[in-house]
Chemist: 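The structure is given below, and queries will be raised subsequently.
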Amino acid sequence: MPPLPKRKYAKTRQRLRRQHHAVQRPKLVTCPECNETHQAHRICWACGMYRGRSVIELED
Ligand SMILES: [Zn+2]
């Protein structure tokens, strides 16, 4: 049997790759309609608007 590497990737290689894997907190932007904060590229759950038009009908 030939000599085999102990591991597929060196510890440093694995760590260098994984240093970009951290989960980021969601980006919050201010709604231009109601000035509430909501996630970027998502509808505003306070007023139901997205890109200046009403997307859903909110109860109450
Ligand atoms: Zn809004």
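Ligands are counted one by one from 1 in listed order, and the atoms in each one are counted from 1 as well. Hydrogens, waters and symmetry mates play no part in the numbers below; they use all other heavy atoms, side chains included.
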Chemist: Working to the nearest 0.5 angstrom, can you tell me the gap between Cys44 SG and Glu36 CD?
Modeler: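 Rounded to the nearest 0.5 Å, the SG-CD separation comes out at 6.5 Å.
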
Chemist: Looking only at heavy atoms, which two atoms of Glu33 and Gly52 are closest? And how far apart?
Modeler: OE2-CA, 3.7 Å

Chemist: Might you confirm whether atom CZ of Arg17 has over 12 heavy atoms from other residues, nucleotides or ligands at distances under 6.0 Å?
Modeler: yes

Chemist: Between Ile56 and Tyr50, does the side-chain contact (heavy atoms from CB on, under 4.5 Å) criterion hold? Intermediate values first, please.
Modeler: CA-CA 9 Å; Ile56 52 162; Tyr50 183 71; over 6 Å; no

Chemist: Please name the pair of heavy atoms, one in Leu16 and one in Gln19, separated by the smallest distance, quoted to 0.1 Å.
Modeler: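 Where Leu16 meets Gln19 most closely, the heavy atoms are O-CG, 3.1 Å.
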
Chemist: Which heavy-atom pair separates Arg42 from His38 by the least distance, and what is that distance?
Modeler: O-ND1, 3.3 Å

Chemist: So how many protein N, O or S atoms does the Zn ion (ligand 1) have within less than 2.8 Å?
Modeler: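 Count of protein N, O, S atoms less than 2.8 Å from the Zn ion (ligand 1): 4.
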
